[in-house]
Protein chains: 2
Amino acid sequence: EEVSVRGIAHQKNVTKVSLVGVPDQPGTAAKIFAGIGKHEVNINLIVQAEHHGGKNDISFLVESSAFLRVSRFLDELVALVGGERAVVDENVATVSLVGEGVQREPGIAARMFTALAREGINIDLISTSNLMITCVIPKDRAEDAVRALHRELFEKGVVQEPRLD
Amino acid sequence: EEVSVRGIAHQKNVTKVSLVGVPDQPGTAAKIFAGIGKHEVNINLIVQAEHHGGKNDISFLVESSAFLRVSRFLDELVALVGGERAVVDENVATVSLVGEGVQREPGIAARMFTALAREGINIDLISTSNLMITCVIPKDRAEDAVRALHRELFEKGVVQEPRLD
Ligand SMILES: C[C@@H](O)[C@H](N)C(=O)O
Ligand SMILES: C[C@@H](O)[C@H](N)C(=O)O
């Protein structure tokens with residue numbers, strides 16, 4: 001199938017919250033997001049990767065304007081699930097490649113990550129779906145990242161030749 | 001805005017690979033996915049969450065039929081980036097809620113996670129975009145998960161009242 005990148009999106013008004021060392025057992029994620037829901041805070045991204053010995057970390061992004069509210073109940077949330085601590089980073093932004101099937105082609109993901117690496121931009125979180133690849137990067141690098149991705153993917157042409165399989 | 005879940009998707013023919021303890025510096029993710037791309041393996045999901053002291057883990061899902069090929073170059077990939085080890089889990093499946101804006105409403109994420117928790121299903125990975133929330137769960141629980149989500153979100157009605165803000 002032919003994969004093409006339709007666009008590059010980015011968002012700077014986000015703050016990252018990571019609940020570190022939460023128990024890796026059924027119910028933990030439910031309690032966290034039910035707790036956040038009570039405060040009517042909108043979420044931009046939720047990411048959880050590999051567990052380590054019965055514990056895991058859950059990261060989420062909220063709009064920066066909502067972070068003050070979130071910060072008021074963060075300790076309570078960590079205590080509720082028996083986590084170790086909350087880590088906050090306000091210096092983050094998202095940059096996303098958008099297009100049907102972009103995450104399937106390792107070539108496209110590699111080009112995205114390579115374009116960021118060439119600019120010396122460190123990737124903090126990665127989340128994908130069949131429609132987009134999203135990277136969380138330092139906020140002060142967002143414009144450089146968008147420019148680098150545009151150069152790599154649009155100016156060099158990214159519409160893949162239809163595969164013959 | 002009114003958020004509604006359009007559907008529930010799941011996929012069982014996937015295998016999880018996690019590259020554990022990779023250096024958290026620019027270029028690591030690029031090398032990994034350029035390496036995978038050389039072997040023409042399609043990826044179903046890429047997830048990376050919080051780093052710990054200069055190291056991070058990157059997890060990805062491949063179609064189970066492609067895993068044999070991946071397993072042949074996995075050690076080389078770990079060595080290429082200076083990671084600690086690769087962890088493989090073939091007993092995984094994905095279950096996803098699909099609908100515009102589903103990840104923004106913590107209520108919907110909470111209902112998804114709560115429906116899984118009630119069935120005693122542990123969530124192994126989480127990845128979201130503005131179109132879907134995907135959970136990686138044990139493969140032998142996929143049908144239970146889909147049934148539980150259907151009951152929670154469709155039978156109880158999930159179209160949210162339009163917000164007045
Ligand atoms: C860590 C958290 O996701 C846990 N595994 C759960 O199912 O809720
Ligand atoms: C861990 C990995 O994502 C690294 N931070 C990178 O930018 O490639």
Side-chain angles (χ1 to χ4, degrees), chain A residues 16 18 20 24-52 56-59 87 96 103-107 109-135, chain B residues 16 18 20 24-52 56-59 87 96 103-107 109-135:
Chain A
K16 182 184 76 168
S18 293
V20 172
D24 183 27
Q25 64 200 25
T28 298
K31 278 184 211 148
I32 291 169
F33 290 92
I36 295 169
K38 270 193 333 230
H39 297 269
E40 294 194 357
V41 170
N42 276 351
I43 310 270
N44 283 43
L45 195 75
I46 306 171
V47 181
Q48 172 194 311
E50 192 59 39
H51 60 90
H52 286 271
N56 207 329
D57 307 329
I58 297 183
S59 297
V87 172
S96 303
Q103 104 285 10
R104 280 185 69 73
E105 291 267 337
R111 288 177 73 178
M112 179 181 195
F113 301 153
T114 302
L116 298 175
R118 242 187 252 127
E119 303 293 314
I121 297 173
N122 194 48
I123 303 168
D124 189 46
L125 303 179
I126 302 171
S127 181
T128 65
S129 72
N130 68 351
L131 196 76
M132 61 171 72
I133 304 175
T134 297
C135 290
Chain B
K16 181 184 77 167
S18 293
V20 173
D24 183 27
Q25 64 198 26
T28 299
K31 277 185 211 148
I32 292 168
F33 289 93
I36 296 170
K38 269 192 335 231
H39 296 269
E40 294 193 357
V41 170
N42 275 347
I43 311 269
N44 283 37
L45 194 75
I46 306 170
V47 182
Q48 173 195 311
E50 192 60 38
H51 60 89
H52 285 271
N56 207 331
D57 307 329
I58 297 184
S59 297
V87 172
S96 303
Q103 104 286 8
R104 281 185 68 73
E105 292 269 337
R111 286 177 72 177
M112 179 181 194
F113 301 153
T114 301
L116 297 175
R118 240 188 253 127
E119 303 292 315
I121 296 173
N122 193 49
I123 303 168
D124 189 49
L125 304 179
I126 302 171
S127 182
T128 65
S129 73
N130 69 348
L131 197 76
M132 62 173 72
I133 304 175
T134 296
C135 290

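In what follows, every heavy atom counts, from backbone to side chain, and hydrogens, waters and symmetry copies are set aside. By convention in this document, chain letters (A, B, ...) are assigned in the order of the sequence lines, proteins followed by strands, and residues within each chain are numbered from 1.
For the set B/G35, B/S18, B/A115, B/G27, the count of heavy-atom pairs under 4.5 angstrom toward chain A peaks at B/S18. Chain A forms the most heavy-atom pairs under 4.5 Å with one residue out of B/H52, B/M112, B/H39, B/M132, and that residue is B/H52. With chain A as partner, the option from B/A109, B/G120, B/S96, B/C135 having the largest number of non-hydrogen pairs under 4.5 angstrom is B/G120. The residue among A/I58, A/T28, A/I133, A/T114 with the most heavy atom pairs within less than 4.5 Å of chain B is A/T114. Ranking A/D24, A/N56, A/N122 against chain B, the residue ahead of the rest is A/N122, based on heavy-atom pairs under 4.5 Å. In terms of non-hydrogen atom pairs under 4.5 Å with chain B, the most contact-rich of A/I36, A/N130, A/I46, A/L125 is A/I46. Chain A forms more heavy-atom pairs under 4.5 Å with one residue of B/P26, B/S127, B/A49, B/A117 than with any other, namely B/P26. Highest contact tally toward chain B, considering only A/T134, A/I121, A/L116, is held by A/I121 [criterion: heavy-atom pairs under 4.5 Å].
When all heavy atoms are compared, the tightest approach of B/V47 to A/Q48 is CG1-O, 3.3 Å. Of all the heavy atoms in B/A110 and A/A34, the pair that sits closest is CB-N, 3.5 Å. A/A29 and B/I126 get closest at one heavy-atom pair: CB-CD1, 4.4 Å.
Listed by chain and residue number, B/F33 satisfy the ring-ring contact (aromatic ring centres under 6.0 Å, His included) test with A/F113 (two or more places apart in sequence, or in another chain). A/D124 meets the side chain to side chain donor-acceptor pair (under 3.5 Å) test with A/K16; sequence neighbours excluded.
Interface remark: A/S59 contributes side-chain atoms only to the contact with chain B (heavy atom separation under 4.5 Å). Of the two parts of A/V41, only the backbone, made up of N, CA, C and O, holds a non-hydrogen atom closer than 4.5 Å to a non-hydrogen atom of chain B. In this structure, the portion of A/L131 lying under 4.5 Å from any heavy atom of chain B is its side chain and not its backbone.
Between B/S129 atom OG and A/L45 atom CG the span is 8.5 Å, to the nearest 0.5 Å. Summarising the geometry, atom CD1 belonging to B/I123 is positioned 13.0 Å from atom NE2 belonging to A/H51; distances are rounded to the nearest 0.5 Å.
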Using side chain to side chain contact (heavy atoms under 4.5 Å, CB included), reason through B/N44 and A/R104 one step at a time and then give a plain yes or no.
CA-CA 6 Å; B/N44 283 37; A/R104 280 185 69 73; 3.7 Å; yes
